[in-house]
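Just so we're clear, the structure is a prediction, and the values are computed from it rather than from any experiment. Below, read A as the first sequence line, B as the second, and so on, with proteins coming before strands; counting in each chain starts at 1.
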2 protein chains.
Amino acid sequence: MSDSIWQAIHAEPASGNPFSSNCPSRVVLDHVTSKWGVLVLAALAESPRRWGELHRYIEGISEKMLAQTLRALEGDGFVLRESAGTVPPRVDYSLTPLGRELADLLVPLVRWVGDNVGRTAGAEALGRTA
Amino acid sequence: MSDSIWQAIHAEPASGNPFSSNCPSRVVLDHVTSKWGVLVLAALAESPRRWGELHRYIEGISEKMLAQTLRALEGDGFVLRESAGTVPPRVDYSLTPLGRELADLLVPLVRWVGDNVGRTAGAEALGRTA
DNA sequence: CAGTATCCGCCATGATACTG
DNA sequence: CAGTATCATGGCGGATACTG
């Protein structure tokens, strides 16, 4: 990875340099790389899904965090929420074109981690980082 | 992204399926996608750096979090720590080959977010996700 | 079904002080 | 310079109850 890339970003505050503490990209990056954000995006990258499907598919996520994560990603413009307006309700979530771009970068990363967990020193040794 | 990929993982508990709540990949994924982990990895992807350099380069990170993040990533086998053993101390951090693989996936993601912050719906609207 | 509202614990995070 | 130790806190995240 050439240094010039980052240095260009560093020199140009108008674009988003995540290394700057006041950069808005930090916020988006936090959404994207949040504990659940990455899994929600990866799940939706496979196919559009309904609320309940997501809830079941992403094991361990609470209703609160699913709602919160979805709203954050929707707010970022990565996720599209479509309510059927029927009763009982039916709501479908999918990736926006922007979200698709992001997911195309994110999914390989998630896959790599999943595939290479065994090669990491730990996961045992990692019980806690503190 | 083909569904079959994920489904294969789903069907094979031996590999790491991040959608499973008990999967070790969740832990590593949390390290990698942690607030500071992603920035540390991206910073080291540019070039090896000393402690102080990292501290200054990654704006806003506290000493504690830098140390903690570095130790977590070192424990995962992504980061190599080399102490010169001199006094005053000099410690260099760099990516391991495994870390390099990971960074090659991670850096494009970070760059994309940085480059596309302006296209996201918000960063203004995102003040808080709660 | 698809959420929202509320309460709450705990840990991640941060600030400060100290050290080899 | 390169950390560690300690303390304080806030907000992330979970559980539960409730609703249209």
Side-chain angles (χ1 to χ4, degrees), chain A residues 18 21-22 26-40 43-44 48-75 79-94 126-130, chain B residues 18-19 21-22 26-40 43-44 48-76 79-94 126-130:
Chain A
S21 51
N22 57 343
R26 283 267 179 103
V27 178
V28 175
L29 208 51
D30 278 353
H31 290 176
V32 170
T33 65
S34 72
K35 180 183 177 68
W36 300 114
V38 64
L39 291 176
V40 167
L44 291 178
R49 286 192 157 92
R50 301 177 56 180
W51 165 275
E53 291 179 307
L54 283 171
H55 195 207
R56 268 176 277 111
Y57 193 68
I58 304 172
E59 297 178 15
I61 194 171
S62 67
E63 296 180 354
K64 177 184 174 179
M65 291 320 296
L66 180 55
Q68 191 170 305
T69 303
L70 282 170
R71 274 187 285 113
L73 295 177
E74 189 190 358
V79 165
L80 179 65
R81 177 184 182 276
E82 289 173 295
S83 173
T86 58
V87 43
R90 178 200 171 95
V91 181
D92 287 85
Y93 291 93
S94 57
L126 312 177
R128 245 337 46 230
T129 71
Chain B
F19 293 116
S21 51
N22 57 342
R26 283 264 180 106
V27 178
V28 176
L29 207 52
D30 278 353
H31 290 177
V32 171
T33 66
S34 73
K35 178 182 178 65
W36 299 115
V38 64
L39 291 177
V40 167
L44 291 178
R49 286 192 156 91
R50 300 176 56 179
W51 165 275
E53 291 178 308
L54 282 170
H55 194 208
R56 269 175 277 111
Y57 192 68
I58 304 172
E59 297 179 15
I61 194 171
S62 67
E63 295 180 355
K64 178 180 175 180
M65 291 321 296
L66 180 55
Q68 191 169 305
T69 303
L70 281 171
R71 274 188 286 112
L73 295 176
E74 189 191 357
D76 291 342
V79 165
L80 178 65
R81 177 186 184 275
E82 288 173 295
S83 173
T86 59
V87 44
R90 177 198 172 95
V91 181
D92 288 84
Y93 291 94
S94 58
L126 312 177
R128 254 322 61 224
T129 71

Respond yes when some side-chain nitrogen or oxygen of A:Tyr93 is under 4.0 Å from OP1 or OP2 of C:dC1, and no when none is. no
Side chain of B:Trp51 only, heavy atoms from C-beta on: which candidate in C:dT13, D:dA2, C:dA2 is closest? D:dA2
Which base, if any, makes a Watson-Crick or G-U wobble pair with D:dG20, both distances under 3.5 Å? C:dC1
Heavy-atom closest contact (B:His31 atom, B:Asp76 atom, distance): ND1-OD2, 2.7 Å
Per A:Lys35 side chain, nearest of listed nucleotides D:dG14, C:dA2, D:dA2: D:dG14
OP1 or OP2 of C:dC1 less than 4.0 angstrom from a side-chain nitrogen or oxygen of A:Arg50, does that happen here? no
Could you give the CG-to-P distance, from A:Leu70 to C:dG3, as a whole number of Å? 8 Å
Please state how far atom CZ in B:Arg90 lies from atom C1' in C:dG20, giving the value in whole angstrom units. 18 Å
Length of the line joining A:Glu82:CD and C:dC1:C1', which is rounded to integer Å: 17 Å
Can you check the B:Gln68 CD to C:dG14 P distance for me, whole Å? 10 Å
Nearest-angstrom distance from the residue atom CD1 of A:Ile58 to C1' of C:dA2: 15 Å
So if I take every side-chain heavy atom of B:Val91 and compare against D:dG3, C:dG14, C:dA2, which nucleotide ends up nearest? D:dG3
Expressed in angstrom and rounded to an integer, what is the separation of B:Arg56 atom CZ from D:dG3 atom P? 13 Å
For the side chain of B:Arg26 and the backbone of B:Pro18, is there at least one donor-acceptor N/O pair under 3.5 Å apart? yes
From NE2 of B:His31 across to C1' of C:dT13 the rounded distance in Å is 15 Å
Below 4.0 Å: OP1/OP2 of D:dG3 and any side-chain N or O of B:Arg81: yes
Gap between atom CG of B:Asp30 and atom OG1 of A:Thr33 - 0.5 Å precision: 10.0 Å
Between B:Leu54 and the options B:Ile61, B:Thr69, B:Leu70, B:Leu39, the side chain to side chain contact (heavy atoms under 4.5 Å, CB included) test singles out B:Leu70
How many whole angstroms separate atom CD of B:Glu74 from atom P of D:dA2? 15 Å
Closest listed nucleotide, where the reference is the side chain of B:Pro88 and the choices are D:dC1, C:dC1, C:dG3: D:dC1
What nucleotide, of D:dG14, C:dC1, C:dG3, holds the atom closest to the side chain of A:Lys64? D:dG14
Side chain to side chain contact (heavy atoms under 4.5 Å, CB included) partner of A:Ser94, chosen from A:Arg81, A:Arg49, A:Glu82: A:Glu82
Between D:dT6, D:dA17, D:dG13, which one does the side chain of A:Glu63 approach most closely? D:dA17
Starting the side chain at C-beta, find the nucleotide from C:dG3, C:dT13, D:dC1 nearest to B:Met65. C:dT13
